[in-house]
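Reading through the structure tokens given below for one structure.
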Amino acid sequence: MLEIIYQDDYLVAINKPHGLLVHQSPIARDASEFAIQLLRDQIGKKVYPVHRIDRKTSGILLFALDKEVNKNLTEQLTLKTVEKKYWTIVRGYTPDEQLIDYALYKDNGTLQEAQTLIKTLAKVEIDIPSGKHSTSRYSFVEAFPLTGRMHQIRKHMAHILHPIIGDRPHGCNKQNKIWLEKFEMNTMLLHAQKLVFTHPVCNEKVVLTARPQDEFMRAAGIIGFHIDDKKGISIGNT
């Protein structure tokens, strides 16, 4: 059963788990389950995905229940009036705040402008050797994609040399190997945590939030990041 975090007569939003595709894709022929079909079967209604998030990314995924509502929300995305916030854990100490303005290529070779604003919520250094270093440093980051390019946050974090833990192929091979061998974790630590938009029928502001999946929470705990729904992110396990 998918976790439904919002539902009315026009919209439904889920907290998508890591590893679940939104829909069938020729680049992932190994998949047999898809969010669209699972949600349709669960609620007994046809659903229209308003946006996409990567297979490896968890978090808020919004669906419309009819084509007109879907069209309205798509227009909001085009006009950049929808706010998206992601949580991610990355290698190294990130800047307190930075606008990453770095164009990205589409599969057809077209170069597109791309901007992501990041804010660092917490930093920690722990006793896990990595390469020539005797310790490993990590940052807990909020990422706000101001444009919507494929793998944008993943590519932008790699571009500033702070790749997302568990990301392949944009991540750090050394860190990914550590997490797989030492902690049996190969989940990418990127989570769509918040979505803000205007309801297409009621015309009211809608604010959706989603708690990270269990594997994200486990990894955060190993590092020493404590996630509290009211207090935010802190260092420590209490």
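Given the structure is predicted, the values throughout are model-derived calculations rather than measurements. Note that the numbering runs from 1 along the sequence shown for the chain.
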Indicate, with yes or no, if W179 and I126 share a hydrophobic cluster defined by side-chain heavy-atom contacts under 4.5 Å among Ile, Leu, Val, Met, Phe, Trp and Tyr.
-> yes
What pairs with R137 under salt bridge (Lys or Arg N to Asp or Glu O under 4.0 Å), at least two apart in sequence or on another chain?
-> E125
Could you tell me which residues satisfy ring-ring contact (aromatic ring centres under 6.0 Å, His included) with Y105, sequence neighbours excluded, listed by chain and number?
-> none
ILVMFWY cluster membership beyond L146 - transitive side-chain contacts under 4.5 angstrom | L99, L117, F144
Only counting residues at least two apart or in another chain, list the ones meeting side-chain hydrogen bond (donor to acceptor under 3.5 Å, both in side chains) with D101.
-> Q115
Side chain proximity check, R211 to M217, heavy atoms < 4.5 angstrom = yes
Applying salt bridge (Lys or Arg N to Asp or Glu O under 4.0 Å) to R218 and not counting sequence neighbours gives E215
Salt bridge (Lys or Arg N to Asp or Glu O under 4.0 Å) filter on D8, not counting sequence neighbours, yields none
Members sharing L79's hydrophobic cluster, built from side-chain contacts under 4.5 Å between Ile, Leu, Val, Met, Phe, Trp and Tyr, are none
If you link I, L, V, M, F, W and Y whenever their side-chain heavy atoms are under 4.5 Å apart, who else ends up in the same group as V207?
-> V196
Is the number of heavy atoms from other residues, nucleotides or ligands under 6.0 Å of D228 CG greater than 12?
-> yes
Run the salt-bridge test on D96 and K123 with the 4.0 Å N-O cut-off and return the result as yes or no.
-> yes
For atom CZ of F183, decide whether the heavy atoms of other residues, nucleotides or ligands shown that lie under 6.0 angstrom number more than 12.
-> yes
Name all residues meeting the salt bridge (Lys or Arg N to Asp or Glu O under 4.0 Å) criterion together with K119; count only those two or more places apart in sequence or in a different chain, and write none if there are none.
-> none
Which pairs pass ring-ring contact (aromatic ring centres under 6.0 Å, His included) with one or both residues in residues 54-97, sequence neighbours excluded?
-> W87-F140
Do T147 and E113 have a side chain donor and acceptor closer than 3.5 Å?
-> no
Calculate, to the nearest 0.5 Å, the distance between atoms NE2 and CG belonging to H191 and L189 respectively.
-> 11.5 Å
Side-chain cluster (under 4.5 Å, hydrophobic types only) that I5 belongs to, other residues | Y6, Y10, L11, V50, I60, L62, V69, L73, L77, V82, L195, F197, V201, V206, L208
Determine which pairs satisfy ring-ring contact (aromatic ring centres under 6.0 Å, His included) with at least one residue from residues 37-62, sequence neighbours left out, and list them in order.
-> none
